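Shown next, in structure tokens, is the structure this report addresses.
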Protein chains: 2
Amino acid sequence: MTANDVVLFAKAIADATRQQIMKLCCCEWISVADITEKMQVSQPTVSHHLAILREAGLVEIRVEGRQTFYTLNQNRIANCCGQLMVKFAPDEVSTEAIKQTLS
Amino acid sequence: MTANDVVLFAKAIADATRQQIMKLCCCEWISVADITEKMQVSQPTVSHHLAILREAGLVEIRVEGRQTFYTLNQNRIANCCGQLMVKFAPDEVSTEAIKQTLS
DNA sequence: TTGACTCATAGACGATCTTCTATATAATCC
DNA sequence: GGATTATATAGAAGATCGTCTATGAGTCAA
């Protein structure tokens with residue numbers, strides 16, 4: 001993971017609407033329609049944010065007929081957060097257990 | 001730490017120039033002039049980015065005469081990353097060791 | 001006190017981002 | 001095939017962001 005990847009990750013999560021969407025698809029597969037229903041923005045806006053999350057590798061996609069289901073890629077999120085900590089909080093991630101988990 | 005704080009943190013780190021500055025003041029106190037010297041942007045631009053990092057609580061400040069020194073608040077960074085993981089990668093932060101460190 | 005130095009602030013400009021409406025694409029049903 | 005449904009894409013408008021130059025504010029030394 002390059003320095004640029006860390007910036008891309010940060011940009012991807014740097015929006016309230018996007019974080020709301022991330023929360024909705026954090027622990028389950030959910031369709032675009034179901035996401036839209038729980039948000040205060042239009043369906044194209046939801047699709048746009050999902051595209052940004054997709055390009056950053058933060059969500060996984062499963063197409064089923066007409067519907068498209070999304071779920072958060074928790075492993076990727078954890079890795080990116082780990083990179084952030086190693087890069088910007090190195091003195092706080094010094095224990096072996098943490099280092100192993102984040103590596 | 002509220003949901004809004006997590007967004008503010010993400011916004012604060014979502015810029016390549018800012019991450020470069022963060023790296024420079026990660027493990028030492030460094031003056032604005034010294035930061036500017038190592039960057040490819042003007043001094044006001046550096047001050048602007050430092051203000052954003054300051055408002056997000058990501059840097060500490062020490063004024064000494066004419067100079068102002070900044071250093072990264074690693075503890076805050078670690079906490080914010082921890083919040084991100086708990087919120088968006090809950091299944092990946094299930095070990096006790098990690099939970100304790102992030103709490 | 002004057003001049004030099006360090007940093008912050010103000011204002012402007014261009015680029016990027018978020019959102020919308022309108023529409024295209026693709027799958028399903030009658 | 002034609003209508004309906006689910007999602008993506010295109011294009012535009014407005015807001016936000018990053019950068020610059022110019023300048024203000026505070027500090028130090030002569």
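Here is how names work: the chains are called A, B, and so on, in the same order as the sequence lines, proteins then strands, and each is numbered from 1. The figures that follow rest on heavy atoms only: side chains count, while hydrogens, waters and symmetry mates do not. Quick caveat: nothing in here was measured; it's all calculated off a predicted structure.
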Exercise for the section: Could you tell me from which nucleotide to which nucleotide of DNA chain D, 5' to 3', there is an atom under 4.0 Å from chain B heavy atoms? Expected result: D:dG18 to D:dC28
What does the list of N/O pairs under 3.5 Å between the protein and nucleotides 20-22 of chain C look like, with a distance for each?
unit_1 : atom_1 : unit_2  : atom_2 : d
C:dC20 : OP2    : A:Ser42 : N      : 2.9
C:dC20 : OP2    : A:Ser42 : OG     : 2.9
C:dC20 : OP2    : A:Thr45 : OG1    : 2.6

Practice task
State plainly whether one hydrophobic cluster holds both B:Met1 and B:Val86, where clusters connect Ile, Leu, Val, Met, Phe, Trp and Tyr through side-chain heavy atoms under 4.5 angstrom apart.
Solution key: no
Give the table of side-chain donor-acceptor pairs shorter than 3.5 Å for residues 56-67 of chain A, with sequence neighbours excluded, one pair per line with atom names and distance.
unit_1  : atom_1 : unit_2  : atom_2 : d
A:Arg62 : NE     : A:Glu64 : OE2    : 3.1
A:Arg62 : NH2    : A:Glu64 : OE2    : 3.2

Practice task
Examine B:Val7 and A:Phe88 and state if one hydrophobic cluster contains both, with Ile, Leu, Val, Met, Phe, Trp and Tyr joined whenever side-chain heavy atoms are less than 4.5 Å apart.
Solution key: no
Determine all donor-acceptor pairs shorter than 3.5 Å in which one atom belongs to a side chain in residues 20-37 of chain B; sequence neighbours excluded.
unit_1  : atom_1 : unit_2  : atom_2 : d
B:Lys23 : NZ     : A:Lys87 : O      : 3.0
B:Ser31 : OG     : B:Asp34 : N      : 3.2
B:Thr36 : OG1    : B:Val32 : O      : 2.8

Exercise for the section: Indicate yes or no: at least one non-hydrogen side-chain atom of B:Asn79 is less than 4.5 angstrom from one of B:Gln83. Expected result: no
Exercise for the section: Please report, rounded to the nearest Å, how far the P atom of C:dA4 is from the CD atom of B:Gln67. Expected result: 19 Å
Problem - CZ on B:Phe9 to SG on B:Cys81, rounded to 0.5 Å - result: 4.0 Å
Practice task
Side-chain contact test, heavy atoms from C-beta onward, threshold under 4.5 Å: evaluate it for B:Arg18 versus B:Ile13 and give yes or no.
Solution key: no
Completion exercise
What residues 2-27 of chain A contributes to the DNA chain C interface at heavy-atom separation below 4.0 Å is A:Asp15, A:Thr17, A:Arg18
Handout entry: Spacing of B:Asn75 atom CG and B:Asn73 atom CG [to the nearest 0.5 Å]
Key = 6.0 Å
Handout entry: Approximate separation, where rounding is to 0.5 Å, of B:Arg54 CZ and B:Thr68 OG1
Key = 8.5 Å
Exercise for the section: Round to the nearest Å and state the distance from A:Ile52 atom CD1 to C:dC17 atom C1'. Expected result: 8 Å
Exercise for the section: Please name the pair of heavy atoms, one in A:Ile52 and one in A:Ala12, separated by the smallest distance, quoted to 0.1 Å. Expected result: CG2-CA, 4.3 Å
Problem - Under-4.0 Å side-chain N/O to phosphate OP1/OP2 contact, B:Tyr70 with C:dA8 - result: yes
Practice task
Heavy atoms under 4.0 Å is the rule here; annotate nucleotides 24-30 of chain C 5' to 3' with B where the base is hit, S where only the sugar-phosphate is, and - elsewhere.
Solution key: ---BB--
Exercise for the section: Mind checking A:Ser47 for me? I need base, sugar-phosphate or nothing, with any heavy atom below 4.0 Å counting as a touch. Expected result: base
Handout entry: Distance (rounded to the nearest 0.5 Å) between B:Leu53 CG and B:Leu72 CG
Key = 7.5 Å
Practice task
Check for a donor-acceptor pair, side chain of B:Gln19 on one end and backbone N or O of B:Ala14 on the other, with a separation under 3.5 Å.
Solution key: no
Exercise for the section: Check the distance between C:dC17's P and A:Glu55's CD and give it to me in whole angstrom. Expected result: 11 Å
Practice task
First locate atom CG of B:Asp91, then atom CE of B:Met85, and finally report the distance between them rounded to the nearest 0.5 Å.
Solution key: 11.5 Å
